[in-house]
Protein chains: 2
Amino acid sequence: MNLEEVARLSGVSRSTVSRVINNDPNVREDTRQRVLEVVRRVGYQPNTAARGLAAGHTRILGLVIPMGVSALFADPYFPLLIQGISSACNMHDHSVMLWLADPDYERRTIRQITHNGLIDGVIVASMLMDDPLVQALAEGDLPFVLVGRHPTDNRVSYVDVDNRAAAREAVAHLLRLGYRRIATITGPQNMIAGADRLDGYRAALKDRGLAFDPDLILEGDFTEAGGYAAMQRLLPRRPEAVFVASDMMALGALRALREAACRVPEDVALVGFDDMPFAARADPPLTTVRQPVQRAGAIAAEMLIDLIKHPGQGPRRVILPTELIIRASCDAGPKARKH
Amino acid sequence: MNLEEVARLSGVSRSTVSRVINNDPNVREDTRQRVLEVVRRVGYQPNTAARGLAAGHTRILGLVIPMGVSALFADPYFPLLIQGISSACNMHDHSVMLWLADPDYERRTIRQITHNGLIDGVIVASMLMDDPLVQALAEGDLPFVLVGRHPTDNRVSYVDVDNRAAAREAVAHLLRLGYRRIATITGPQNMIAGADRLDGYRAALKDRGLAFDPDLILEGDFTEAGGYAAMQRLLPRRPEAVFVASDMMALGALRALREAACRVPEDVALVGFDDMPFAARADPPLTTVRQPVQRAGAIAAEMLIDLIKHPGQGPRRVILPTELIIRASCDAGPKARKH
DNA sequence: CTGAAAGCGCTTACAG
DNA sequence: CTGAAAGCGCTTACAG
């Protein structure tokens, strides 16, 4: 069933059917109704490929998730992000093509994404400091937006949270509670969020005029196993509290603590990051920084759709608010407890 | 940069360039090399829409995940499935379009998926007993495969595990250990896997000539919160052991047990299903049925690609093996412990 | 408000 | 082994 057929059945030209399909106002109302009736009756659905070829756009958004560690994808972060993007796309009558790419892209993969002549734009769940895909995108002219800020190029559009400020606030909270020997388990330092959150940790200490102790900084990889391993190495160094740069890692830290028979927060306090669904249900429930992942996805999609509609517009940035969620994994602090 | 240009630069016709691009053997070797050289030099990438329109296929697979409860998507099951599908697609030079659909599809959504003229076939992470999309697919002629068996229509292709047999084995294990008062927290009974696993539970009891007690059967929804709520209601009924139809629900059950100060496995033993990454790290580690989710995804994709290549072939079925993984959440059993 | 026609960038018989 | 040409199913100036 194609345009031609619908035109014939409606007794109009293909042009007119096309106009009706595309909501062109220049169609007489009764003509429109007649065509619409036929469309409904025969269940006509325009061919996306033909449409894309003729119109030069497809209402398809690409989503690329650069994934080194496959374990990372187990983090609910990505499902939430995808959900946000997907729902915004549904709302705006767009579809999404998904690429899970190894960040060691071959050049061919990059070309496939940027020049396939199908997608109207792409969302990159960007996390690496130096992503060759992002660079290719910046040099090309396919609209794109990053989820996660770009560290250097100020021509790119993105949506993000202020990871540095949020981490700083989280650590400041620990300091306010009276904790002093505060460690951190960081994300990978080649990921922007990982570096930014460590930065925030440092800033919070500096705000109080405290020196930071390199022994209390352990690099994790945003996975549960990574948090577990880091916490084990950290334990002998006797931290009073730990700022863990993701809830997933905090879960691992919690496990290491449990195995070592350390009580949380009595022996070691913990603060996570993300406020993933499981954080509230952890034992003990995690104090953590809530970030609106799903909303970030939705906004990224909408931003991209807008960028596609209005090309040549300046870069757009949206910084979403975070919120420190206080739960049982840190309490009144060691000083207070002594009284 | 299009075919025309490449043809001009190579000094051949568009037809020849097209043949080279598509690995048609009917091209003289030196011509092929010449064209390839130009293709590489200018970074030519064929336009997917044009290609799809002309050739009638696109090497794009649709993936639809019918999602009622959005909380369900937090289950690592879907990320794993997507990873499997995605990696198989990469391997076979295919791409994937993703639809997260409310299973209360509007007819329009179904048409959009089945008649968009873009995808060559679709994978449905089918879980509902009666999915209108699946029915539409069965009546149409777009190749498709389900992840999860179809309960009635024996013309559909799918990959699945034997949920019934696996559940039966898990419960038989509890029985062997000496547990008798065995409860189950089921998945939603409008999901095939949910119904099949309950069936397996019943079969295991029957194998031993044991009657089953309706009071010991609680319906969950495959979420952590659902498992938690079900376990709370179950507790007063004093089960010795519980077969929980998914690890995610088992996590919730574990939380309810912990809050009620019940020890696992001393007071209540637990068996889960899925062997999700977190199952081994739970406290205590979960005995559970391992199913190869990622592999199921990969096989579904490969099956679909094959079905597309060889249309009109009979339905294909693959049942993947499961394995009962013994961990600490159930032990020698109440009888044994008395000695 | 409507239609005839060109064109989007490919593939693929067909002829040679 | 190669090229000219038709055609895939749409959209969109253009003319009326």
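Computed from heavy atoms alone, side chains included, the values below leave out hydrogens, waters and symmetry copies. Residue numbering restarts at 1 for every chain, and letters A, B, ... go by the order of the sequence lines.
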With a non-hydrogen cut-off below 4.0 angstrom, is B:Asn2 in contact with a base, only sugar-phosphate, or nothing? sugar-phosphate

A:Ser18 near the nucleic acid: base, sugar-phosphate alone, or nothing, with a heavy-atom cut-off under 4.0 Å? base

Partner of A:Val35 by side-chain contact (heavy atoms from CB on, under 4.5 Å), out of A:Val27, A:Val17, A:Leu9: A:Val17

Between B:Ser15 and A:Met1, whichever has its closest DNA chain D nucleotide further toward 5' is B:Ser15

Between B:Leu53 and B:Val27, the residue closer to the 5' end of DNA chain D by nearest nucleotide is B:Val27

C1'-based separation of C:dG16 from C:dT12 [nearest Å]: 16 Å

Would you check, one step at a time, whether the test side-chain contact (heavy atoms from CB on, under 4.5 Å) holds for B:His92 with B:Glu302? CA-CA 8 Å; B:His92 296 270; B:Glu302 279 164 357; 3.2 Å; yes

Could you give me the CA-CA distance, side-chain angles and deciding distance for A:Gln33 and A:Glu37, then say whether side chain to side chain donor-acceptor pair (under 3.5 Å) is met? CA-CA 6 Å; A:Gln33 290 310 330; A:Glu37 174 52 30; over 6 Å; no

Could you check if a side-chain atom of A:Asp131 sits within less than 4.5 angstrom of a side-chain atom of A:Leu133, using non-hydrogen atoms only? yes

5'-most contact on DNA chain C: B:Arg19 or B:Tyr44, nearest heavy atom basis? B:Tyr44

Quick one, B:Met97 and B:Leu118 - any side-chain contact, counting heavy atoms below 4.5 Å? yes

Where does DNA chain D pair, written as one dot-bracket string 5' to 3', with Watson-Crick or G-U pairs under 3.5 Å, ( ) inside the strand, [ ] for crossing pairs and | for another strand? |||.||||||||.|||

Yes or no on side chain to side chain donor-acceptor pair (under 3.5 Å) for A:Asn22 and A:Arg51, after CA distance, side-chain angles and deciding distance? CA-CA 11 Å; A:Asn22 294 296; A:Arg51 208 170 191 180; 2.8 Å; yes

First and last nucleotide of DNA chain D, 5' to 3', lying under 4.0 Å from heavy atoms of chain B: D:dC1 to D:dG9

So for atom CG, which belongs to A:Asp141, do other residues, nucleotides or ligands contribute more than 12 heavy atoms lying within a distance under 6.0 Å? no

I want to check something: taking the side chain as every heavy atom from C-beta on, are B:Asn116 and B:Arg111 in contact at a cut-off of under 4.5 Å? no

